[in-house]
Trainee: 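Dropping a structure here in structure tokens format, bear with me for questions.
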There are 2 protein chains.
Amino acid sequence: MANLKLTYFDFPGGRAEATRLAMKIAGIEFEDYRFPFEKFQEEVKNTPLNQVPMLEIDGEKITQCNAINRYVGKLSGLYPEDDYQALICDEVMSALEDITHKLVSTFGLEGEELKQAREKFVDGSLSLSLEWLKEKLDKQGGEFFAENRLTVADLKVFVWVRGLTSGHLDHVPTDLVSRLAPNLLALRERVEQMPEVVSHYAN
Amino acid sequence: MANLKLTYFDFPGGRAEATRLAMKIAGIEFEDYRFPFEKFQEEVKNTPLNQVPMLEIDGEKITQCNAINRYVGKLSGLYPEDDYQALICDEVMSALEDITHKLVSTFGLEGEELKQAREKFVDGSLSLSLEWLKEKLDKQGGEFFAENRLTVADLKVFVWVRGLTSGHLDHVPTDLVSRLAPNLLALRERVEQMPEVVSHYAN
């Protein structure tokens, strides 16, 4: 097994958390290197495209969280074998990345400007994507997004739903997921109860 | 083989072109449904997440261009077999999608506002990504981005470089690629000379 080091903010969410969870669930050894938000400018000097997460594989620096999720998903047995099911897994992960971009574009705003941007986000693309995820999950059997088993798509949705329901995002109603996509809330609860996930958040 | 229909703008570039090329190169039958830009609002009423491209597989509607590229790449024999090489292929496609998002955010601007946004884009993230792509291609052998053979990553880079050097993007110097990443220009020329690609653009 290659030497793996994952670099990201010291934060139990965002773009590296699904990767961390996949490796924890599969029992894969890796260095979980975390840095405080205020060290971002310093840390990204050493990353490809000045961004995180970064996965180092025997020292080779790799960027792009969904590429990393897919690779680590394969290492962890948490990526579909079937090409069509892999397509659905990828589609869900890409769609979440799009919506994350839209959320991130509201970071740094304040006061009335933040309120307006967040309300537009909630009523527009966030609601649309939650409804789409709800339907997709139903169509795929209701429990997992792909291949009727846990994959990195479910882990990425889990992290996203956990963030949306946390109350840490101003002007994002914490009951939005339960109103628009209750099956995603059930998915969050199922993943949350996995022993490896319980242990990950207990530490 | 499933029935495949690809829906996108009637435009030889953008987010569906690598998919079209992969299927043309592999000789895969598909419906290449194209609509004029002014019909966008009407067409996206029928697509997942109100966006294009959309791939219909036996009528099942799939969104997200890189998920589609990966699936069609597998159908076409243009996706790496090896997991690490697949990671590099994915990393390159995801990075191009990020930079496309940044370019698209300047569409609709005009005059001095467009000029300033494009200059910032060129000097910042576009130059950074071209230099990163140049290094990545060199590291992977200089000719192809992954597995020493043509993959959907090369096709996506080809489409991107073709756009950047077209002269259709105001305030993006057409010699930027040749100055910062001459190996990408050589890749463009190699792909452009493939018989299936010549025939695709002749029609």
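Everything numeric here is computed off the predicted structure, so don't read it as measured data. Order of the sequence lines fixes the chain letters, A, B, ..., with proteins taken first and strands second; residue numbering starts at 1 for each chain. Side-chain atoms are counted along with the backbone in the values below, which use heavy atoms only and exclude waters and symmetry mates.
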Trainee: So which part of A/Ala95 gets closer than 4.5 Å to some heavy atom of chain B, the side chain, the backbone, both or neither?
Mentor: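 Contact with chain B involves both backbone and side-chain atoms of A/Ala95.
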
Trainee: Who among A/Met93, A/Glu97, A/Lys139 has the most heavy-atom pairs with chain B under 4.5 Å?
Mentor: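 Result: the option with the highest number of such pairs is A/Lys139.
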
Trainee: Just checking A/Glu196: does its CD atom have more than 12 heavy atoms from other residues, nucleotides or ligands closer to it than 6.0 angstrom?
Mentor: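 Enclosed.
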
Trainee: Give the interface residues of residues 116-136 of chain B toward chain A, defined by a heavy-atom separation under 4.5 Å.
Mentor: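 At a heavy-atom separation under 4.5 Å, chain A is reached by B/Leu128, B/Ser129, B/Trp132, B/Lys136.
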
Trainee: Tabulate, in ascending numerical order, the residues of residues 150-178 of chain B having at least one heavy atom closer than 4.5 Å to a heavy atom of chain A, or enter 'none'.
Mentor: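 Not one residue of residues 150-178 of chain B has a heavy atom under 4.5 Å from chain A.
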
Trainee: In chain order, what residues pass the ring-ring contact (aromatic ring centres under 6.0 Å, His included) check against B/Tyr33, with sequence neighbours excluded?
Mentor: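 In terms of ring-ring contact (aromatic ring centres under 6.0 Å, His included), with neighbours along the sequence ignored, B/Tyr33 is linked to no residue.
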
Trainee: Can you pull out the residues in residues 39-78 of chain A with any heavy atom less than 4.5 Å from chain B?
Mentor: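 So the qualifying residues are A/Pro48, A/Leu49, A/Asn50, A/Gln51, A/Ile57, A/Glu60, A/Lys61, A/Ile62, A/Thr63, A/Gln64, A/Ala67, A/Ile68, A/Arg70, A/Tyr71, A/Lys74.
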
